[in-house]
**Q** 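Below are the structure tokens for one structure; questions will follow.
We're numbering straight along the sequence, starting at 1.
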Amino acid sequence: MKLFIDTVLSPIGNIYLVSDGTHLCALDFVDCDRRFRTLLHKRFETVDLVEQENPQGFSDRLQAYFAGDFSSFDGVPMRTDGTEFQRKVWQFLATIPAGETRTYGELADILGHPGASRAVGRTNGLNPISIAL
């Protein structure tokens with residue numbers, strides 16, 4: 001699969017930004033290159049990463065986020081893939097307003113899976129676009 005990648009400088013470290021040409025597919029720290037590539041290959045199997053500056057304007061949106069515009073990803077098409085449970089968790093994360101938090105247990109309860117806080121935590125750790133979601 002052909003994916004477009006940009007490296008974005010941020011106040012918390014350099015970040016890989018990946019797009020499929022339409023959707024934001026991944027955000028990860030450059031320092032976590034091995035993990036980043038492993039997770040990409042698990043999701044897409046064969047990956048052809050093509051460097052592209054600011055694919056679909058997503059890099060600008062990431063910069064805007066770090067400049068304080070926490071709504072900069074609103075309306076951006078995102079591709080997370082994952083299981084149905086994972087997609088539910090990630091979709092719910094997108095509804096939490098900036099500056100607010102929820103515990104993994106609260107998320108599990110809200111999603112109708114009481115007692116699944118570890119699964120929610122594990123899913124949160126696998127979020128491929130965690131800054132945006």
**Q** If I take atom CZ from residue Phe29 and atom CZ from residue Arg35, how far apart are they, to the nearest 0.5 angstrom?
**A** 9.5 Å

**Q** Once salt bridge (charged side-chain N to carboxylate O under 4.0 Å, His left out) is applied, what residue pairs with a partner in residues 43-54 remain, sequence neighbours excluded?
**A**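 Counting only pairs at least two positions apart or across chains, the salt bridge (charged side-chain N to carboxylate O under 4.0 Å, His left out) contacts touching residues 43-54 are Arg43-Asp81.
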
**Q** Quick one: does Phe73's side chain get under 4.5 Å of Leu62's, heavy atoms only?
**A**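 In contact.
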
**Q** For Ser117 and Gly105, indicate whether the former's side chain and the latter's backbone hold a donor-acceptor pair under 3.5 Å.
**A**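 Side chain of Ser117 to backbone of Gly105, a donor-acceptor pair under 3.5 Å: no, none is there.
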
**Q** Quick one: are Asp74 and Val76 in side-chain contact, heavy atoms under 4.5 Å?
**A** no

**Q** Sub-3.5 Å donor-acceptor pair from the side chain of Asn54 to the main-chain atoms of Asp60, do we have one?
**A**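 Yes; judged by distance alone, with no hydrogens or angles, the pair exists.
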
**Q** Do Val50 and Lys2 come within less than 4.5 Å of each other through their side chains, counting heavy atoms only?
**A**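 Heavy-atom side-chain distance check passes, below 4.5 Å.
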
**Q** Does Trp90 reach the side chain of Met78, with side-chain heavy atoms less than 4.5 Å apart?
**A**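 No - every pair of side-chain heavy atoms lies 4.5 Å or more apart.
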
**Q** Check whether any side-chain heavy atom of Phe66 sits under 4.5 Å from a side-chain heavy atom of Ile15, and report yes or no.
**A** yes

**Q** List, by chain and number, the other hydrophobic cluster members for Val47, where Ile, Leu, Val, Met, Phe, Trp and Tyr join if side-chain heavy atoms come within less than 4.5 Å, directly or indirectly.
**A**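 In the cluster with Val47 are Met1, Leu3, Ile5, Tyr16, Val18, Val30, Phe36, Leu40, Phe44, Leu49.
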
**Q** Is the backbone of Cys25 close enough, under 3.5 Å, to the side chain of Arg79 for a donor and an acceptor to pair up by distance?
**A** no

**Q** Donor-acceptor check, side chain of Ser10 to backbone of Asn14, threshold 3.5 angstrom: yes or no?
**A**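 Checking the backbone N and O of Asn14 against the side chain of Ser10, no donor-acceptor pair under 3.5 Å is found.
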
**Q** For His113 and Phe85, take the angle between the two ring planes, folded into 0 to 90°, and tell me which bin it lands in: parallel under 30, tilted 30 to 60, perpendicular over 60.
**A** perpendicular

**Q** Nearest 0.5 Å please: distance from the CG atom of Leu111 over to the OG1 atom of Thr123.
**A**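 Those atoms lie 9.5 Å apart.
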
